[in-house]
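One structure below.
Chain letters run A, B, ... following the sequence lines, proteins first and then strands; every chain starts at 1.
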Protein chains: 2
Amino acid sequence: MLTRERKALLLDRLAAEGRLVATALAHELNVSEDTIRRDLRELAAEGRLTRVHGGALAASPTHRPLAERGALQTEAKVRLGRRAAELVRPGQIVILDGGTTHLALVQALPRDLRATIVTHSPTVAAALEPFERVDVLLIGGTLLKLSMVALGATTAEAFGRIAADLLFLGVTGVHPEAGLTTGHPEEAALKACLIRSAAETVVLATPDKIATTSPFQIAPLEAVTTLVTLDDRPAWLPDGVDCLAA
Amino acid sequence: MLTRERKALLLDRLAAEGRLVATALAHELNVSEDTIRRDLRELAAEGRLTRVHGGALAASPTHRPLAERGALQTEAKVRLGRRAAELVRPGQIVILDGGTTHLALVQALPRDLRATIVTHSPTVAAALEPFERVDVLLIGGTLLKLSMVALGATTAEAFGRIAADLLFLGVTGVHPEAGLTTGHPEEAALKACLIRSAAETVVLATPDKIATTSPFQIAPLEAVTTLVTLDDRPAWLPDGVDCLAA
DNA sequence: CACGATATTGCACGATCATGCATGATGTGG
DNA sequence: CCACATCATGCATGATCGTGCAATATCGTG
């Protein structure tokens, strides 16, 4: 039996019976208990069920709407998010910028991740609700409706007091000469603050953003530590910048 | 039977019958009384029930995770939200506390409302996205997963700098003697800050919160300007407090 | 086809959890 | 005050868990 097939069967069974018992399933499916435990652990990390001692129970239903909203994500963003989620190490302090791409990133994080996430996006913060072991630091400010992030002097000041390990930065343009750009002047200024507050800067760029520019510059390309894309590394990317293909 | 499953069953039974008898449950579930006692002890430690000699009684309601109660976006909350939304006048500065009831309030606001809304709940902030003419001031802080609101010194300080016209306050208990109460000490302290930051305080109370208490007091009943309920005005409500039936 | 990379599985190990029992303490009702 | 039920605690036992490791299968690529 295929692994994915077995996992699907586990979820079906869970939906039907409301609970799963590891030992019974191992015997029934003729695999070791280790394998079943592994399956359950992985499904739990995806938030599809709740792991308990001896088996698993159905996940609390409130966390479903998140999964549904995830359906509106484009394939590209989901892939970028998954790849980027692998960059987060346990215990790190991570700044998450706003935007649907980073929402996809959140959805790709393992449910049992232990980390501190700093964000000025209420949408991202709300999506972090199911992650019990993640400490969330919400940065306030005046909300910009267009991109749903907090802006303003207090926001910048708050980020100035933070030294994070990792920053996931949202941009609307990545260009050989213009560097990182976005469509709103205050947002650009704040994003520059974010870069200063983190040791490493990761930019997730869907193909439509590569080699394009928006009116307001955030920083030169050299400010980026890692660029995550779907395609191959652009030739014009500076040597100091890593490039990961999702 | 799985341990967690058994605990869930105990809570269900408690909700249905209002009390639990240890010996009877031990016999019924085919486990020793020690096990049942252990379960009850642990559930009591989590605040999900009140331990008494011989069994357990229902605990004061809902200082449970948002996830568990949020699932039921009940008719009651929608009605309360609709009634409360009528209290908001154009141009006002309004503080919105967290909680599903206030989420219902947001849904009931007119889409063309022009106002400033201040909130420390990312969930509420996210729900305000479609309101183009509403300015949203997001207050940051450390996010409490249980109720999904920002807490901490910076949060309180930020509210201290605000003078709002109207506050919609979330509580888990409205009681003639204990006053307004909630299930988390820091939350209670912050809610007291909110009251000081607003000229008028409105409390939306579903029937399960009326005449009940939670462990931590926010303020006496006199701090309330208007109480919005589903039923008639409670007799014990101080004279200075208005009461609206939704 | 050959080769390395990756995924999957089972096993071993020490750690943790759940359970029932014994014991002495505490509460309850007469 | 006594008899009895209930309780908390410590302990032993077996089940379950997570991790690291090795064997095998599968995949991708040249």
Side-chain angles (χ1 to χ4, degrees), chain A residues 1-11 13-14 17-59 79 82-87 89-91 108-115 131-133 230-233 244-246, chain B residues 1-11 13-14 17-59:
Chain A
M1 168 168 302
L2 281 61
T3 308
R4 294 289 285 275
E5 194 182 354
R6 189 179 55 238
K7 285 188 183 177
L9 188 146
L10 292 181
L11 288 174
R13 186 68 70 90
L14 179 60
E17 302 177 9
R19 70 151 189 255
L20 296 176
V21 180
T23 55
L25 288 164
H27 184 260
E28 184 179 336
L29 302 178
N30 288 315
V31 292
S32 76
E33 297 181 18
D34 295 74
T35 301
I36 295 294
R37 273 203 292 273
R38 230 183 301 254
D39 290 343
L40 295 181
R41 212 181 308 157
E42 287 164 7
L43 289 170
E46 295 170 20
R48 314 278 303 262
L49 50 76
T50 302
R51 190 79 174 83
V52 299
H53 199 85
L57 298 176
R79 275 171 58 195
R82 258 205 285 271
R83 186 71 186 85
E86 297 170 10
L87 299 176
R89 304 267 156 251
L109 290 172
R111 289 297 169 109
D112 56 353
L113 175 70
R114 186 181 56 81
F131 297 83
E132 294 180 12
R133 302 182 62 190
L230 289 185
D231 306 321
D232 294 337
R233 178 193 180 94
L244 298 177
Chain B
M1 165 156 332
L2 303 169
T3 307
R4 291 284 288 278
E5 193 184 4
R6 188 180 56 237
K7 285 187 183 178
L9 187 147
L10 292 180
L11 288 174
R13 186 68 69 91
L14 180 60
E17 302 177 8
R19 79 194 158 122
L20 295 176
V21 180
T23 55
L25 287 164
H27 185 260
E28 184 179 338
L29 301 178
N30 288 315
V31 292
S32 76
E33 297 181 19
D34 295 75
T35 300
I36 295 294
R37 272 202 292 273
R38 227 183 302 253
D39 289 342
L40 295 181
R41 212 182 308 156
E42 287 165 5
L43 288 171
E46 295 170 21
R48 320 265 313 244
L49 50 76
T50 302
R51 192 78 173 84
V52 296
H53 201 85
L57 297 175

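Look at CD on E5(B): it is 16 Å from C1' on dT16(D), rounded to the nearest Å. L2(B) has its CG atom 9 Å from the P atom of dT16(D), to the nearest Å. M1(B) places its CE atom 15 Å from the C1' atom of dT19(C), with the value rounded to the nearest Å. Straight-line distance from the CG atom of L25(A) to the P atom of dT16(D): 12 Å, rounded to whole Å. In this structure, I36(B) atom CD1 and dC21(C) atom P are separated by 14 Å, rounded to whole Å. Atom C1' of nucleotide dT19(C) and atom CD of E33(B) are separated by 14 Å, given to the nearest angstrom. Across the protein-nucleic acid pair, H53(B) atom NE2 and dT26(C) atom P stand 13 Å apart, rounded to whole Å. Computed from coordinates, the E42(B) CD to dT16(C) C1' distance equals 14 Å when rounded to whole Å.
Dashed line: the shortest gap from a side-chain N or O of T35(B) to OP1 or OP2 of dA18(C) is not under 4.0 Å. Residue R6(B) places none of its side-chain N or O atoms closer than 4.0 Å to OP1 or OP2 of dA18(C). OP1 or OP2 of dT19(C) has at least one side-chain nitrogen or oxygen of T3(B) nearer than 4.0 Å.
Within the 4.0 angstrom heavy-atom criterion, no nucleotide atom of any strand lies near R4(B). If you check every strand for non-hydrogen atoms under 4.0 Å, V21(B) touches nothing.
Side chains of L40(A) and R37(A) form no contact here, defined as non-hydrogen atoms less than 4.5 Å apart. Within the 4.5 Å cutoff, side-chain heavy atoms of I36(B) are placed close to those of V31(B). Using a 4.5 Å heavy-atom threshold, the side chains of R51(A) and R4(B) count as separate. When side chains are defined from C-beta on, T23(A) does not count as touching H27(A), because their heavy atoms never get closer than 4.5 Å.
Among dG20(C), dC7(D), dC17(D), the nucleotide with an atom closest to any side-chain atom of A22(B) is dC7(D). Side-chain atoms of V31(B) lie closest to dG20(C) of the nucleotides dT6(D), dG20(C), dT9(D). The side chain of R37(B) lies closest to dC7(D) when the candidates are dC7(D), dT19(C), dG10(C). Of the candidates dG18(D), dG10(C), dT9(D), the closest approach to any side-chain atom of D34(B) belongs to dT9(D). Distances from the side chain of R41(A) to the nucleotides dC7(D), dG18(D), dT9(C) place dG18(D) closest.
Within 3.5 Å, a donor on the side chain of R38(A) pairs with an acceptor on the base of dG10(C), or the reverse.
Heavy atoms from other residues, nucleotides or ligands lying under 6.0 Å from CZ of R6(A) number more than 12.
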